[in-house]
Amino acid sequence: MQQRTYFFPVFLVTICFILLVIFAGQSGIFGFFTNSVQSIFFPLGAWSHAKTAVSSKEEALQKENDQLREELAAKSTLEADNKALRDQFETLSPSSKNLLPVAVVGMPSVIPNVSFPEAMIIHAGLDDGISVGSVVVYKNQLVGTVTSLQSHFATVTLLTAKKSSLAIKDQASQAPGVLKGQGSGELIVDNVLLSDTITVGDTIVTMGGQNESGKGMLPDLIVGKVISIEKNPSNLFQKARLEIGVPLNRLTTVFVIK
Amino acid sequence: MSFALYFLSAVIALFVESLFFQIPITLIVITYVAIFQKKEWVIPFTVFIGILLDSLTFRPIGVTSLFFLCVIGLLYLYKKKFETNHALFGIVFTILACVFYIFVFDYQQIFLATLWSVFLASLLFFGSFFLVSWQSKES
């Protein structure tokens with residue numbers, strides 16, 4: 001005699017249960033469960049991420065040091081003027097009082113350390129005073145923005161992600177444009193008018209978009225340096241390809257602007 | 001014993017998928033369990049693993065479980081009519097499910113993720129098929 005199976009009734013009941021869970025989950029009642037699960041898995045992920053990132057970190061730091069020395073030499077003459085202005089307006093940005101140092105827990109990608117991640121998971125969440133849209137930086141280099149979060153962990157979409165775009169400007173000529181992530185760690189600046197000047201080596205910074213309560217993208221955060229320009233007289237806009245000074249996929253600590 | 005092994009495999013898969021590899025490894029494990037286990041416990045097992053994966057990937061709770069359940073449901077409908085207990089069916093079905101999963105959940109580098117899914121599914125199904133064949137020859 002064929003053994004009776006109850007697969008179909010169990011399946012139907014479970015589908016109804018899951019739909020109920022999805023609707024109930026909108027109210028956030030599963031917060032305790034998700035926090036518990038994340039608290040178990042993510043610390044182990046943070047440890048293993050730190051182990052894999054540290055060997056390449058020294059090389060990246062050396063390269064960054066060389067680059068910063070060059071920039072320091074070029075900008076030393078401007079420092080005196082800037083100091084006077086800073087003293088008057090006290091606009092040191094981003095202020096250290098507003099920075100929250102957080103550990104990077106993980107960076108899921110198709111092949112870790114080979115393919116470039118589009119997002120990172122950080123050890124900070126609602127309970128630490130951050131929210132969706134909070135800006136994440138490393139020194140004054142923009143890293144990304146918080147796109148989803150729970151009580152103690154959050155996902156940061158990197159500025160190199162395909163769905164990432166923001167308003168930027170050329171630091172030298174103040175030419176506005178739109179930054180578009182290309183995935184794979186690449187960035188391009190688009191929608192720069194042909195009449196605007198943008199040259200190889202220029203630093204691209206954020207335009208800023210803060211509202212009256214201070215939330216939003218801060219201005220003058222470094223995005224990258226122009227390495228090539230695509231300028232066609234028959235087009236309305238010119239494009240530029242950027243290089244980021246900080247290896248975003250090797251970071252183990254970042255800072256969230258509260 | 002086998003349930004504990006499947007559960008451990010699924011937990012390791014979702015840990016790796018949420019933090020390291022953006023490849024549907026959990027779906028591959030779930031599909032493997034569903035194809036070779038004809039028990040009703042596969043359904044709540046799938047739901048629980050899906051909820052855990054949602055917690056770690058910041059998706060709305062239940063969304064991944066719903067997708068997994070749809071895959072299991074399709075598999076069940078197919079099982080009623082055709083023989084499914086062989087490696088080639090498992091690989092083809094798993095790959096198709098993975099491709100849909102990659103598109104639905106907007107994973108990056110679709111082609112590379114699909115290639116990895118094909119490799120892992122082939123490894124799992126052919127590997128277990130040869131293991132079972134070798135064990136039956138021994139006995």
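Here is the naming used below: chain letters follow the sequence lines, and residue numbers restart at 1 for every chain. As a basis for the values below, the full set of heavy atoms in this structure was taken, side chains included, without hydrogen atoms, waters or symmetry mates. Being a predicted model, the structure only gives us computed values, none of them experimental.
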List the steps, then state whether side chain to side chain contact (heavy atoms under 4.5 Å, CB included) holds for B:L52 with A:F33.
CA-CA 9 Å; B:L52 285 182; A:F33 175 77; 3.9 Å; yes

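Here the closest non-hydrogen pair linking A:I121 and B:L56 is CD1-O, 4.4 Å. Residues B:F58 and A:S148 approach most closely at CB-OG, 3.5 Å, considering heavy atoms.
For a residue to count as touching a neighbouring chain, one of its non-hydrogen atoms must lie under 4.5 Å from one of that chain's; by this rule A:A161 does not touch chain B. Neither the backbone nor the side chain of B:L77 comes within less than 4.5 Å of any heavy atom in chain A. Contact annotation for A:F11: both backbone and side-chain heavy atoms come within less than 4.5 Å of a heavy atom of chain B. Interface remark: A:F23 contributes no atoms to any contact with chain B (heavy atom separation under 4.5 Å). With a threshold of 4.5 angstrom between heavy atoms, A:L20 does not approach chain B through any atom at all.
Contact check for A:P108 versus B:L19: no side-chain heavy atoms found under the 4.5 Å cut-off. Residues A:F8 and B:Y76 form a side-chain contact, since some pair of their non-hydrogen atoms from C-beta on lies under 4.5 Å apart. B:V47 places none of its side-chain heavy atoms less than 4.5 Å from the side chain of A:V21.
The interface of residues 34-42 of chain A with chain B, defined by heavy-atom distances below 4.5 Å, comprises A:T34, A:V37, A:Q38, A:F41, A:F42.
If you take CD1 on A:I18 and CD1 on B:I43, they are separated by 11.5 Å, rounding to the nearest 0.5 Å. Between the CZ atom in B:R59 and the OG1 atom in A:T155 there is a gap of 10.5 Å [rounded to 0.5 Å].
A 6.0 Å sphere centred on CZ of B:F103 holds no more than 12 heavy atoms belonging to other residues, nucleotides or ligands.
Among A:S184, A:A154, A:A119, the residue making the largest number of heavy-atom pairs under 4.5 Å with chain B is A:A154.
Scanning for ring pair (Phe, Tyr, Trp, His ring centres under 6.0 Å) contacts around B:F7 gives an empty result, with sequence neighbours left out.
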